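From a predicted model like this one, the values you see are computed outputs, not experimental measurements. All ligand and atom numbering here is 1-based and tracks the order in the structure.
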Amino acid sequence: MLGLVTTLNDQAPMALREVAAPQPQRNEALVEVRAFSLNRGELRSIRNNGEGWIPGQDVGGIVVRQAADGSGPPAGARVVALTDVSGWAQRVAVPSHRMALLPDQVSFSQAATLPVAGLTALRTLRHGAPLLGKRVLITGAAGGVGTIAVQLAARSGARVTAVVGRPERAAGLRELGALEVIEGIGQAAGRFALILESTGGASLLQAIKRVEAKGTVVVYGNSANEPTMIAFADFRPAPNARVQSFSYFTSEAEDRFAPDLALLASLIADGSLKPQIGVERSWRDFTAVAEQLRDRRVSGKAVLLVD
Ligand SMILES: NC(=O)c1ccc[n+]([C@@H]2O[C@H](COP(=O)([O-])OP(=O)(O)OC[C@H]3O[C@@H](n4cnc5c(N)ncnc54)[C@H](OP(=O)(O)O)[C@@H]3O)[C@@H](O)[C@H]2O)c1
C-alpha cells in the first residue's frame, strides 16, 4: 500500500511511498482511509522524526476488517477514527474504541475534521460547562479547533468572542455563532468566564488579564511558539481564576473517545455543526497544503483525499 512518509528532504518533507501494510492487534480494526486532515502539531512532528515515519491522527474511512476480538464497527462500516500515528496511508489499524459510525449525511472529509480538532473543541469547552449565558473568548478562532469551538460554544448558549489575526480571517465567524469578532485579543473588552487559548506568548498573558474571578483559561496550544511571563499579581482582579492545561489524548478516559466522536458526527448530521473545510485536495498535494496551513492561510481545516 501507499503511505505519506517523512523524508530527509527539507523541500519535500513528505513523500508517497510503498510501505508495509498494518498488522492490527486483536482490539484493532483495519480501516481503509478515504480522507484525513492535517494538524499544526503534526506538521511540527514531521521535523522531529527520522525518515520513513507515517504521521496521521484524523481519519475518515471504511472498516475493511473488524477487530479480531469482535469489538467495534463491522467490516463495511463508514467511520470516523482517531489514530496515534500512521493515518496518512491507504490503510491503518485503529483501536475499536477510538472510532464511531458515520451517519450517511456525513462525508469522509467532514469526518476527518473531527478527531483532533473536534475533540479538542468539545473537551476544552467542557471546562466552562454549563455555558448558557456565559462569555467565552476563543483565540485562533479561524483555525481548525477555533471554527468548531465557536459553533459548539454558541450552540451551548455562550456569548462568543472570536479572536482572529487579520480582518480577512473574520469571514464567516459571525454566521457560525460568534457574537463579536475582534482582531487580536487586545481588543477584547470586559471579562470572560472561559477562555480557550492556543496562540501563546503575549496572547496568553492577555487572556489571563481578561478572565473573570473563578473563571478558567484553558491553555491548549502555543502556535506562536513564544513563552509567557506571568505573575501572581495578574490574577488580583480575578481571584481564584484557574489556568488549565489541556491534552486531548489524555483529557478524558479512553472509553470516552467513541461516544465523543459519535456526538460530534451526530451534530454534523443534524446540521448544528458545519465543519469548515478551507482546503480539500488530493494527498499528492501535501506539500502545498501544508505550506498553506503553516502560513495561516487555511480557514478551518485542511483535508487531504486518499484518491
Ligand atoms: N493540546 C492539545 O491537545 C491540542 C489539540 C489540538 C491543537 N492543539 C494546538 O492548538 C493550536 C490550534 O490548533 P488548530 O488545529 O486550530 O491550528 P490552526 O488550524 O493552524 O489554527 C491556529 C490559529 O491560530 C492563529 N494564530 C495566531 N497566532 C499564530 C501564530 N503565531 N502562528 C500560527 N497561528 C497563529 C491563526 O489564526 P489567525 O491567522 O487568524 O491569527 C490560526 O487560525 C495549535 O498550536 C495546535 O498545535 C493542541
Does Thr120, backbone or side chain, put an N or O under 3.5 Å from an N or O of ligand 1?
no

Output the list of atoms in ligand 1 that are nearer than 4.0 Å to some heavy atom of Leu293, sorted by atom number.
20 (O)

Salt bridge (Lys or Arg N to Asp or Glu O under 4.0 Å) partner of Arg98, chosen from Asp255, Asp58, Asp84
Asp84

Near Thr199 (heavy-atom distance under 4.0 Å), the atoms of ligand 1 are 27 (C), 28 (N)

Nearest option to atom 44 (C) of ligand 1, as decided by whichever heavy atom of Ser223, Gly300, Ala117 sits closest:
Ser223

Donor-acceptor pair, Glu32 side chain versus Ile62 backbone, under 3.5 Å?
no

Show your working on side chain to side chain donor-acceptor pair (under 3.5 Å) between Arg210 and Gln206 and close with a plain yes or no.
CA-CA 6 Å; Arg210 279 163 176 78; Gln206 292 292 326; 2.5 Å; yes

Backbone or side chain, does any N or O of Gly144 fall under 3.5 Å from an N or O of ligand 1?
yes

Considering only heavy atoms, does Val116 approach ligand 1 within less than 4.0 Å through its side chain, its backbone, both, or neither?
side chain

Checking the side chain of Thr83 only, and the main-chain atoms of Gly56 only, is there a donor and an acceptor separated by less than 3.5 Å?
yes

Asp104, CG: over 12 other non-hydrogen atoms inside 6.0 angstrom
no

Near Phe246, which atoms of ligand 1 are under 4.0 Å from a heavy atom of that residue?
1 (N), 2 (C), 3 (O)

Using a 4.0 Å cutoff against the non-hydrogen atoms of Arg44, which atoms of ligand 1 qualify?
45 (O), 46 (C), 47 (O)

Can a donor-acceptor pair be found, under 3.5 Å and without considering hydrogens, that links the side chain of Lys134 to the backbone of Arg159?
no

By number and element, which atoms of ligand 1 are closer than 4.0 Å to a non-hydrogen atom of Val164?
40 (O)

Below 3.5 Å, N or O to N or O, backbone or side chain included: is there any such pair between Asn39 and ligand 1?
no

So Phe257 and His97, would you call those rings parallel, tilted or perpendicular, with 30° and 60° as cut-offs?
tilted

re atom 4 (C) of ligand 1, the protein heavy-atom contact at minimum distance is Tyr220 O, 3.5 Å

To atom 43 (O) of ligand 1, the nearest of Glu42, Gln57, Arg123, Arg169 on a heavy-atom basis is Arg169

Short version for Val145: what comes under 4.0 Å of ligand 1, heavy atoms counted, is both

More than 12 heavy atoms from other groups under 6.0 Å of CZ on Arg281
yes

Contact (N/O only, under 3.5 Å) between Gly221 and ligand 1:
no

Please identify which atoms of ligand 1 are closer than 4.0 Å to at least one heavy atom of Gly143.
16 (O), 19 (O), 21 (O), 43 (O)

What residue among Pro275, Ser107, Ser37 forms side-chain contact (heavy atoms from CB on, under 4.5 Å) with Val303?
Ser37

So if I apply the side-chain contact (heavy atoms from CB on, under 4.5 Å) rule between Leu194 and each of Val211, Val136, Val217, which one comes out positive?
Val136

Are any of the N/O atoms in Lys301 less than 3.5 Å from those in ligand 1?
no

Side-chain contact, heavy-atom cut-off 4.5 Å: Arg123 with Tyr220?
no

Mark up the atoms of ligand 1 that fall under 4.0 Å of a heavy atom belonging to Arg166, in ascending order.
39 (O)

In the protein, what heavy atom is nearest to atom 23 (C) of ligand 1, and what distance, to one decimal place, separates them?
Gly140 CA, 3.7 Å

